[in-house]
Every structure is written in structure tokens, then in C-alpha cells.
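Read through the structure below, which is laid out as C-alpha cells, and then see the notes.
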Amino acid sequence: MDSGSVLSPTVNTPSLPLIEVKDLRVTFNLEEREAHAVRDVSFTIPQGKTVGLVGESGCGKSMTGLSLLKLIPVPGRISHGQILYYSSDATLPPTDLVALPQNGETIRSIRGAQIAMIFQEPMSALTPVYTIGQQIGEMVMLHRKMNKADARHVSIEMLTRVGIPAPEQRVNEYPHQLSGGMRQRAVIAMALSCNPRMLIADEPTTALDVTVQAQILDLMRELQQELGMSILIVSHDLGVIADLAEEMIVMYAGRVVEQGTAEQLFYSPQHPYTQGLLRSAPVLGSKHSGKLYSIPGTVPRLTSTAQGCPFRPRCPEAFDKCAELPPLFVKSDGQSVRCWARIETLQ
Ligand SMILES: Nc1ncnc2c1ncn2[C@@H]1O[C@H](COP(=O)(O)OP(=O)(O)O)[C@@H](O)[C@H]1O
Ligand SMILES: [Mg+2]
């Protein structure tokens, strides 16, 4: 979709940045040496837009998402880079989240209230011993300073909004009383209950069956258009999120290997890895039951010391130049690709 397209209502609005990630590096101290789970990653999340982050398991997607909330698990840490967070007041300078104290007041006021995150497994976000209403209510009372009665009202309103039937009854139920799809809806309701400016959705549909997966993605699209928030949607499945995201980032072995609009990546993928991911993506709603293609080989281990393009051992187009790490090459249409085979032909 080029910048002149009017297909989406958000396309023509000026895209001020909400988050600018610059040269982000996440490091683990493993086996007495440093290993980088995220390597010099840069991208922008514009206000009110959906950005998709894809790559196979182990490529650094979750660590990138968790960095935005400074929630990297120990022994990991952000070892380099900036994460600039722009406030809704455009006259104020952005805050560098990396520079903030780990659990200080500022980052705690951002987590949940301004940037909310939902995870792959809905049960991990819900406590089994409290009702759905108590859990949403707690978020609202904490961040929006509401009393119990108002918080209950908001909980019911949020459950209604995410399409949970009989919300007055469901609000009093415990997580185990809900189906997987309804639990994920409840988690989304909880994440959105404080009107965040941004939602990070890390594999939000992976645990769900295909029909429910499509419903949850539709719901996220509706809510994004209604509430105008930014979304970073993380998935190993390019096919699932290309439809929801406007901008896409493909990660491999901790690095960005391709970046562009969803349309560019879906219809004209440049990197052999992106092409492989597309071929291995199941088509939503398709009746095709044949065996899916899978990219041969595996993602390199975090401790790998191999030099050059990390995709080289699995790449059908690898040649001698690939012994050197390719730079991220930006094409004239804005799409970027980290692949010598493309750089040679595009230049
Ligand atoms: N607690 C940890 N200790 C050591 N390595 C970790 C830890 N958490 C994640 N990693 C490593 O960081 C890399 C990136 O992980 P992650 O961001 O979770 O990948 P993705 O979300 O793309 O599947 C992986 O190689 C993973 O093994
Ligand atoms: Mg992950």
C-alpha cells in the first residue's frame, strides 16, 4: 500500500511516532560470555498504527516486545540503544525508556496504563483464584483510581466490548469457567481497560484454534480502529498478521532482516527467509490439508559464534559473499532487506 492509498482510515493521518527503537541490543550472560538475543534492532511504531513482528521461535521477538516495558527476564538486560516514547503532548520531548530506573515510578506508570501487553498463553495473565471482574477491576482501580462499583461497571463494559456474551454473568466467573477463546478475549479486555496508547500482543492467538484465532484478530482490528491505539503484534506466522499489520518487521537470529509495509512483504518479499516464512504460513480459513512447507534447518543457537549472514546455512541462494554480514539495504520504495543476493541486484 503506497502512501497515497485510502484503503485504511488510518493511512492518511499524519504518522507521528509513538515509539522509536534505536539500535536496541538485549544481552544474556551465558556460559561465561555475552550472547545477544536482540542485535541492533531499530524500528518505529507510529501512533495509531499496527506493526507486525515476525520470525521463527527464538529469533528475539519476545525480548524486543518485553524491552518496551523494561521487562527483560534476568540474566538478560538491555545493553545498548534507546527506546524513545513520545507522550500525547507533542510539545514534550520523548522519554528514553532504556535510561529510566528499572522499576521506578515512571516506567510503572507506563506499564499497563499506557503500554499494555498480552501474552500467548491467556492463563498466564489471569490468576485462577480471582474472578474476571476482580482482575479487570484491580487494573482499573490501580491505574484509573476508580472505586469498586465503577470498576465493576468498566469491567462489564470491557467484556461487552470484546464480544463476551452475558458479561454481567461472566464478570463473576473464574478463568477456568471460560473457553480458551473467551479467556483470550478477557485478557484483551483487561489489557484495554486502562485505555492504553499501545498494545503489545505477543503471539495472542497461537494457543487458539483456527476459527477462534480469526475471531480474535478481527476483534483486535476492530478495537484498533475504534480506539486508535498503536499495536505491536508479534507472531511466528506471517500469514496471520500480514492482514492486521500495516508495517512489518521480520527478525532472524536477533536481527531485522526485512522491513516494509504488509503489502510489500506479503506480495513482494525480498529476503529468502521472508519468502520461506510465507511459504510455510497456513492460509487462514483455507481447506488445504496438505503438508505445509517448512524451511529446512533450524535457527542458530544464541551462543553460536558463526560469522556472516546467519541465514546462510539454510538459504537456497547463499553464495560466497554471504560469509560477511549484509547490511540492511533500504530500497527506493522504503522496503529494506538484509541480503547480499538482493543488494547485488537492487543496487
Ligand atoms: N531467560 C533466558 N535465558 C537465556 N536465554 C534466553 C532467555 N530468554 C530467552 N532467551 C533466548 O533469547 C533468544 C530470543 O528469545 P525470544 O525473544 O523469546 O524469541 P522469540 O520470541 O522470537 O521466540 C532465544 O535464543 C532464547 O533462547
Ligand atoms: Mg516469543
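Both ligands and their constituent atoms are indexed starting at 1 by order of listing. Side chains included, hydrogens not; waters and symmetry mates left out as well; all remaining heavy atoms used.
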Report task. Tell me yes or no: between the side chains of T274 and E258, is some donor less than 3.5 Å from an acceptor? Result -> yes
**Report entry** Flag if over 12 foreign heavy atoms under 6.0 Å of CD, Q307
**Finding:** no
Requested in this report: Verify the distance criterion only: is there a donor paired with an acceptor across the side chains of Y130 and E138 at less than 3.5 Å?
Outcome: no
Query raised in the report: Among S62, S57, G60, whose heavy atom sits nearest atom 14 (C) of ligand 1?
Result: G60
Query raised in the report: Under a 4.0 Å N-O cut-off, is there an ion pair linking R314 with E56?
Result: yes
Report summary line: For C59, the ligand 1 atoms with a heavy-atom partner under 4.0 Å come out as 19 (O), 20 (P), 22 (O)
Query raised in the report: Looking at atom 3 (N) of ligand 1, would you say a protein heavy atom lies below 4.0 Å from it?
Result: yes
Report task. Report yes or no: do S62 and D202 form a side-chain donor-acceptor pair below 3.5 Å? Result -> yes
Query raised in the report: Any heavy atom of M251 sitting closer than 4.0 Å to ligand 1?
Result: no
Query raised in the report: Short check: is a protein heavy atom less than 4.0 Å from atom 26 (C) of ligand 1?
Result: no
Query - L302: numbered ligand 1 atoms lying under 4.0 Å from its heavy atoms - result: 5 (N), 11 (C), 12 (O), 25 (O)
Query raised in the report: If we ignore angles and hydrogens, is there a donor and acceptor under 3.5 Å between the side chains of R197 and Y85?
Result: yes
Query - Residue, atom name and distance, where the atom is the protein heavy atom closest to atom 9 (C) of ligand 1 - result: M63 CE, 3.5 Å
Requested in this report: May I ask you to check if ligand 1 and K61 share an N or O to N or O distance below 3.5 Å?
Outcome: yes
Requested in this report: Check E56 against ligand 1 and report side chain, backbone, both or neither, counting heavy atoms closer than 4.0 Å.
Outcome: backbone
Query raised in the report: With distance as the sole criterion, is a donor-acceptor pair present between the side chains of R152 and N147 under 3.5 Å?
Result: no
Query raised in the report: With distance as the sole criterion, is a donor-acceptor pair present between the side chains of E20 and Y86 under 3.5 Å?
Result: yes
Query raised in the report: Who's the nearest protein heavy-atom neighbour of atom 13 (C) of ligand 1, and how far?
Result: A37 CB, 3.7 Å
Report task. Using a strict cut-off of less than 4.0 Å between a Lys/Arg side-chain nitrogen and an Asp/Glu carboxylate oxygen, indicate whether R221 and E226 qualify as a salt bridge. Result -> no
Query raised in the report: So which protein heavy atom does atom 6 (C) of ligand 1 come closest to, and at what separation?
Result: F28 CZ, 3.6 Å
Query raised in the report: Is the Mg ion (ligand 2) under 2.8 Å from any N, O or S atom of M63?
Result: no
Query raised in the report: Which residue holds the protein heavy atom closest to atom 24 (C) of ligand 1, what is that atom called, and what is the gap in Å?
Result: G58 O, 3.7 Å
Query raised in the report: Does some non-hydrogen atom of G76 fall short of 4.0 Å from ligand 1?
Result: no
